[in-house]
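Okay, so here's the structure we're looking at.
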Number of protein chains: 2
Amino acid sequence: MDKQTRLNLIRNLIVGNNIENQEQLQAMLAERNIQVTQATLSRDLKSLKVSKSHSSQGGYYYAVSEGESKRGTRDNFIGDISRGFLSMKFSGNMGVIRTLPGYANTVAVAFDSLGLDEILGTVAGDDTVIFVIKEGVTKEMLKSVLRKNFPSLYI
Amino acid sequence: MDKQTRLNLIRNLIVGNNIENQEQLQAMLAERNIQVTQATLSRDLKSLKVSKSHSSQGGYYYAVSEGESKRGTRDNFIGDISRGFLSMKFSGNMGVIRTLPGYANTVAVAFDSLGLDEILGTVAGDDTVIFVIKEGVTKEMLKSVLRKNFPSLYI
DNA sequence: TAGTCTATTGCATAAATATACAAAAATTGG
DNA sequence: CCAATTTTTGTATATTTATGCAATAGACTA
């Protein structure tokens, strides 16, 4: 478990859950067998430029800031995907990927270019990619393939 | 100086300046002869749903959440949708919205911003929006929700 | 290889923010 | 006007987050 992997996971956890404070985040990481101190999380959240907001229900939640969090020049497909990727969800034979604003096209192109047999095609908007899964391929089969291709993403 | 006035001033100060913490905000208010404690500011920021973000220079800044500062309100989204909307059709777990030319993106953004639980994601072209319906949600359920949100549209 | 440099982390603690509680101020209904 | 109720605020303190420092590990150079 290196730092970059932890950062990606944290980003995913933040996007996919309502996390109220660093203690809670620490607990979620612990469930995944990642042990870090609050101090490290404070630094991680800073480097991800995560902001803390008030929810309308009175609590708090973390949010990943628009864009800024990562800008770099890794030029392989997996790098492109890692950089913009936020979350992936499924519905029937369709999948929806949320990305940082403006990254959808990059992610979709990278996805296409990998030539995954399980995916029939993709369409990209600005921060959303929709793709169609090949008939007969289950969510679980696809997830397993994706995890193999992107061990850093926690899909 | 009543509370509402102070809240408005705080919002303006936050939008117009880079304020790093409550102490700084307190000082700016003091310059304007408004004396309050940090505790009160903490409550004020909560009621304004101000979030604290990391700047790319390493510092912090407060930001007023979309809903409160800009007119990113529900009413405006509904207006945006009504203006460009032409028709909505379904196929399986997918929906297709036709709009006036050029309106697709606006409609999609508005749709997304409403945060409808039933919709997984959207992609916009020029005059067409495609969206994916969440698994387990039927056409009829979605239509019913949409009719409630947009009584003026014939969905 | 030894020495140097850099990155990452935990520990302890500082700094920043939130809140329980009580008091003061404002509002409401006779 | 008064009494009852609600709102707003400060004080003191709890909670949450950030950071100085030292330790460790890996990378790089000569």
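Quick caveat, the model's predicted, so the values are computed rather than measured.
Computed from coordinates, the Asp44(A) CG to dT8(C) P distance equals 10 Å when rounded to whole Å. Separating the CG atom of Leu29(A) from the P atom of dT9(C) is a distance of 12 Å, rounded to the nearest angstrom. Rounded to an integer number of Å, the gap from Lys49(A) NZ to dA18(D) P is 13 Å. The nearest whole Å value for the distance from the CD atom in Gln26(A) to the C1' atom in dA18(D) is 15 Å. One interatomic measurement links the two molecules: CG of Leu45(A) to P of dT8(C), which rounds to 16 Å at whole-angstrom precision. In this structure, Leu7(B) atom CG and dT8(D) atom P are separated by 9 Å, rounded to whole Å. The separation between Lys46(B) atom NZ and dT8(D) atom C1' is 15 Å, rounded to whole Å.
Each of Tyr60(B) and Val36(B) has a nearest nucleotide on DNA chain D; the 5'-most of these lies closest to Val36(B). Two residues, Gln35(A) and Arg43(B), neighbour DNA chain C, and the one matched to the more 5' nucleotide by heavy-atom proximity is Gln35(A).
Residue Glu135(B) qualifies as enclosed at atom CD: its count of foreign heavy atoms under 6.0 Å is above 12. Within 6.0 Å of atom NZ in Lys89(A), 12 or fewer heavy atoms from other residues, nucleotides or ligands are found, so the atom counts as exposed in its surroundings. Glu20(B) CD: more than 12 foreign heavy atoms inside a 6.0 Å radius.
Side-chain atoms of Glu118(B) never come within 3.5 Å of backbone atoms of Lys134(B) as a donor-acceptor pair (strictly under, hydrogens ignored). Under the 3.5 Å distance criterion, the side-chain polar atoms of Asp44(A) are left unmatched by any main-chain donor or acceptor of Ile10(A). Thr122(B) places no side-chain N or O within donor-acceptor distance of the main-chain N or O of Phe131(B), the cut-off being under 3.5 Å.
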Please list each protein N or O that sits under 3.5 Å from an N or O in nucleotides 13-16 of chain D, with the distance.
residue	atom	partner	partner atom	Å
dT16(D)	O3'	Lys52(A)	NZ	3.1

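A tilted orientation is assigned to the rings of Tyr60(A) and His54(A), their planes being inclined by 30° to 60°.
Heavy atoms of Ser42(A) sit under 4.0 angstrom from at least one base atom.
Remark: Thr37(B) is not in phosphate contact with dT9(D), judged by side-chain N or O atoms under 4.0 Å from OP1 or OP2.
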